[in-house]
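Reviewing the structure listed below.
Sequence lines set the chain letters: A, B, ... in the order given, protein chains first and strands last, and positions in each chain run from 1.
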There are 2 protein chains.
Amino acid sequence: MRDVADASGVSVKTVSRVVNGEPGVKPEVRDRVSAAAARLDYRHNLAASNLRRNAARTGVIGVLVQDVANSFSASLLRALEDAMRPHQMLLLAASLDETTAREQYIVENLISRRVDGLVLVPASARQDYLAPEIRRNFPIVFADRAPRGIDTDSVAIDHRLGGRMAVAHLLAHGHRRIAVLTDTETIATARDRRAGARDAFAAHGVEVPGDLVRSGVGSEELAGAAVNALRELPDPPTAIFSGRNTISKGVIRALTQRGERDSVAVVGFDDFPMSDVLGLSVIRQDVAQLGAAVGERLLARLSGDQSPPRHDLLSPQLIMRGSGEIPPSEISPPEPSA
Amino acid sequence: MRDVADASGVSVKTVSRVVNGEPGVKPEVRDRVSAAAARLDYRHNLAASNLRRNAARTGVIGVLVQDVANSFSASLLRALEDAMRPHQMLLLAASLDETTAREQYIVENLISRRVDGLVLVPASARQDYLAPEIRRNFPIVFADRAPRGIDTDSVAIDHRLGGRMAVAHLLAHGHRRIAVLTDTETIATARDRRAGARDAFAAHGVEVPGDLVRSGVGSEELAGAAVNALRELPDPPTAIFSGRNTISKGVIRALTQRGERDSVAVVGFDDFPMSDVLGLSVIRQDVAQLGAAVGERLLARLSGDQSPPRHDLLSPQLIMRGSGEIPPSEISPPEPSA
DNA sequence: AAAACCCCTGACAACGTTGTCACCGAGGGC
DNA sequence: GCCCTCGGTGACAACGTTGTCAGGGGTTTT
C-alpha cells in the first residue's frame, strides 16, 4: 500500500480511501491511485483490514461435519453456503470422521482465526469445552445433533420419530421379524433411531425381536455381513430397518447378491442419490431444509439475536418406493397360534 | 494479551512466548501465565500473528468447485482435505455453479484473505485474470480442467480418451445407433468427451449419427426429456452414451419409467454412488486419485518447487456392470444391406 | 576478583490497514 | 475584508502479535 502511495504521489490513507471506495477523493486522484494499484499488482489485505476495524467480521464461518464427501454432509454444506452467500460469507469446511480429538483441534483453530460463527455436527459426546465461547455469546449452531454439556442453538431431524415411522410402517405391512441395523452406540442419532424403532414395537404391542437388533454397524461392509448373518438364521427377518444411508447401501448390495431384493422388505433412514431408481423406501430428512434452518439461526445470532437458545426439530418424511411395502415372505415359518 | 500480561504480572512478550510454547520461560511463570490466560478466556489471534510473522503462511487454501453437494466435487474436496491435513491446512470451499462472475469474485476474495494457494475447477472459459498471480508464482492448481489464457499446474482426467472408450465399447457390442448426450458446449470437459465419442466413430469407420448427438443437456430433467425424444424417433438409438453423472441419472430414470432398462445399452461418464447396484457401466474417473494428485502438486509448489507448470492427465477406466453390454435390440429395424 | 557466559525477561518497533483529527485552500455569507 | 464552512488530504496512532535487541542477575571460567 505504501508502494502504491509513493507511486501515485499521495498518502497511504488516500490509497486506503480509494481501495475502500470511500467518498471524498478527487476523481482525478482516484484514477491515478487505481492505475498505480493495478500496475503494481496491489492486493488488499483483508486480515490487516479486519484487525484494524476492530469489531468487524471476518466473513467466514466454520463448518464441521462428519465427512464432506458424504452426501448428507455435502448437501448440508451446500445449503449453508446458499444461506450465507447473500451475506458475502464464506465457509471453512472440515471433516471430523467422528473423531473427538479432531473436533476440538479444529474448533480451537477456527476460533483463533476469528471465524464469525460455527456450525457443528459434533463427533464428541459432550461439548463442555465450548462453554467459554457460549458464555461470551459466540454464535454456534448445532446441526443434526443436539449439544450436550452446554446450551446453544440446534436444528435437528427428529431421529426418534423417524425410527418409529420406519418400523411402524413395516409392522403395518404385517412384518414381525424386523431387523434393526444401526450405527455405533456412541452416536446420538443412532441411539435415537433405534429408540424410535423400539417405540414402534411397543406401540404395536409387539415384543422387540432382540436377536435381530444389531448396533455398531458402521460401514457398508458390516451392513452386508449383518444381512448375510441374519438371513441365515433359522427364523430370519422378513424386513430390515437400516438406520443410515451407508447401511442401506450395504443392505441393498447384499440383498441384490443374494437375489432377495424382491422378497425382503427394507426401509432406510436417509435418502440418498438414486434411491428412487432403486425403489428403496426411506425416511427422508430434508437436508436442504435443515441447512437452511441452521443458516437462518446463525444469521439471526450474527445480527444480534440474544434470545435463549432454541432447539428445533424437523419431522422426517416416509417415502414409499416399493421396498418397504413388500409383504412378509411365505418362506418364513407361520407364527404359532397363541 | 495485554490483559493476560497485566493479570499475571509479566510483559506481553512473555505471554507471547508462553502462548507459542517458546523455550526460555521459567516453568513457574509459564504456569502463572497459562492460568491467567485460561481464566480470562484468552484466545490467540492467528490473523494478527500471521500479519506480524510477515512471510508466514495462513494455513488455508481455497477450493473452488462446481457444487460442493455434487459427489464429484465433494469427493475431490475430501481427497484434498486428506492431502492437506498432515500439513495442518484447512480448506475454504466455494461452489461456482458454472458462473464466471462468481469465480472471479471468490478468487479475488480469497486472495485478499491471503490463502496460501488455490485449487480451481474453473467455470470460466479463460482465466487471463489470474495472470498477475501466476507472474508472482502464487500456487494455483487446476483440477479436472486445464487452464486457458494462462499457464499453471493442472491435473485432469483424460476426458477425450474416456469418451472414446465409452463409444468404442458400445460399437464393439454391435451398436451403430448410439446417442451421445453431453452438457453445454461451453464446458470444456463436455466438449472433450464428445470429441472422444467422435474419435471412436471415426476409428471404427462408422458415420456419426448426427441426429442422435445432443449437447446442452445440463440437468437430469433435460436428460430424461432427451431420452424420451430419442426413443420416439422412427429409428431410435439402441445405445446411449451419457456424458456426465447427472445425465446418467436422468437417463436411467427415464429408461426405468419406459421399462427399457434391459433393452437399451448405456455407458455413463462419472461413476456415482450406487451405480454398481444399478448395474450401470461407466467410465470411472478416480476422483480420490485426482484430488491426491492435485494436493501433491500444490504442496510441492508450497514448498518452493519452481519447475515449469505440469499438465498431468489421468486415464479413466471402463467399468462393466451390464448396462453397457446389452446387445442392440431386435426391435430396431435391420440395417439396409449395402 | 574480574571476565565471560547463560537464563530469563521486557521495551520497542513493525506487520498492513484504517479511525481520528487536524490542516489547507477555496468558496460563500455578512 | 472577515469569518465560516466544506471538500480534499495527510500525519499519527492503534488493532494484536512477534522479531530484535538490550539488560539484569546469577553462575561458571580464567
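- Residues passing the side chain to side chain contact (heavy atoms under 4.5 Å, CB included) test with Leu90(B), sequence neighbours excluded: Leu92(A), Ile106(A), Asn109(A), Leu110(A), Arg113(A).
- With dG8(D), dT18(D), dC8(C) as the choices, the nucleotide that has an atom nearest any side-chain atom of Lys26(A) turns out to be dG8(D).
- Separating the CG atom of Asp3(B) from the C1' atom of dT17(D) is a distance of 14 Å, rounded to the nearest angstrom.
- Comparing Leu51(B) and Gly24(B), the nucleotide of DNA chain C nearest to each residue sits closer to the 5' end for Gly24(B).
- Look at CE on Met1(A): it is 8 Å from C1' on dT18(C), rounded to the nearest Å.
- In this structure Ala5(A) satisfies the side chain to side chain contact (heavy atoms under 4.5 Å, CB included) test together with Val12(A), Val15(A), sequence neighbours excluded.
- Arg148(A) is linked by a side chain to side chain donor-acceptor pair (under 3.5 Å) to nothing, counting only residues two or more places apart in sequence or in another chain.
- Of the candidate nucleotides dT9(C), dC15(C), dT18(D), dT9(C) has the atom nearest to the side chain of Val25(B).
- Spacing between atom CG of Leu46(A) and atom C1' of dC15(C) amounts to 16 Å, rounded to whole angstrom units.
- For the side-chain hydrogen bond (donor to acceptor under 3.5 Å, both in side chains) condition, the pairs that include at least one residue of residues 66-79 of chain A, sequence neighbours left out, are Gln66(A)-Arg244(A), Asp67(A)-Arg78(B), Arg78(A)-Asp82(A), Arg78(A)-Asp67(B), Arg78(A)-Asp97(B).
- Residue pairs that meet the salt bridge (Lys or Arg N to Asp or Glu O under 4.0 Å) test with at least one member in residues 131-147 of chain B, sequence neighbours left out, are Asp41(A)-Arg135(B), Arg43(A)-Glu133(B), Glu98(B)-Arg145(B), Glu133(B)-Arg136(B).
- Partners of Ala37(A) according to the side chain to side chain contact (heavy atoms under 4.5 Å, CB included) rule, which considers only residues two or more places apart in sequence or in another chain, are Val4(A), Tyr42(A).
- Ion pair Glu103(B)/Arg126(B) not flagged as a salt bridge, since none of the NZ, NE, NH1 or NH2 atoms sits closer than 4.0 Å to an Asp/Glu carboxylate oxygen.
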Under 3.5 Å donor-acceptor pairs involving side-chain atoms of residues 16-30 of chain A, not counting sequence neighbours:
{"residue": "Asn20(A)", "atom": "OD1", "partner": "Arg53(A)", "partner atom": "NH2", "Å": "3.2"}
{"residue": "Asn20(A)", "atom": "ND2", "partner": "Ser16(A)", "partner atom": "O", "Å": "2.9"}
{"residue": "Arg30(A)", "atom": "NH2", "partner": "Glu22(A)", "partner atom": "O", "Å": "2.8"}

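- Between Asp153(A) and Arg310(A) there is no salt bridge, since no side-chain nitrogen of the basic residue lies less than 4.0 Å from a carboxylate oxygen of the acidic one.
- Closest approach to the Ala48(B) side chain among dT17(D), dT18(C), dT9(D) is made by dT17(D) (side chain taken as heavy atoms from C-beta onward).
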Atom pairs, N/O to N/O, protein against nucleotides 19-23 of chain D, distance under 3.5 Å?
{"residue": "dG19(D)", "atom": "N7", "partner": "Lys13(B)", "partner atom": "NZ", "Å": "2.8"}

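- Less than 4.0 Å separates DNA chain C from at least one heavy atom of each of the following residues of residues 34-43 of chain A: Tyr42(A), Arg43(A).
- Dashed line: the shortest gap from a side-chain N or O of Thr14(A) to OP1 or OP2 of dT9(D) is not under 4.0 Å.
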Restricting to nitrogen or oxygen on both sides, can you table the protein-nucleotides 23-27 of chain C pairs closer than 3.5 Å?
none

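- Within 4.0 Å (heavy atoms only), Ser16(B) reaches at least one base atom of the nucleic acid.
- A donor-acceptor pair is defined here as one N or O able to donate and one able to accept, closer than 3.5 Å; no such pair exists between the side chain of Ser49(B) and the backbone of Asn45(B).
- When the side-chain nitrogen and oxygen atoms of Asn20(B) are compared with OP1 and OP2 of dT18(D), one or more of them lie within a distance under 4.0 Å.
- When the P atom of dC15(D) is taken as reference, atom CZ of Arg2(B) falls 6 Å away, rounded to whole Å.
- Candidate nucleotides dG10(C), dT9(C), dT17(D) were compared by shortest atom distance to the side chain of Asn45(B), and dT17(D) ranks first.
- Counting to the nearest Å, the P atom of dT17(D) and the CZ atom of Arg113(A) are 15 Å from each other.
- Within the structure, ring pair (Phe, Tyr, Trp, His ring centres under 6.0 Å) contacts touching residues 135-159 of chain B (residues at least two apart or in different chains) are His159(B)-Phe269(B).
- dT9(D) atom C1' lies 13 Å from atom CZ of Arg30(A), rounded to whole Å.
- Using a 4.0 Å cut-off, some side-chain N or O of Ser11(B) falls inside it from OP1 or OP2 of dG10(C).
- Note on Val29(A): only backbone sugar-phosphate atoms sit closer than 4.0 angstrom, heavy atoms only; bases stay farther off.
- Every side chain to side chain donor-acceptor pair (under 3.5 Å) that Ser307(B) has, sequence neighbours left out, goes to Asp305(B).
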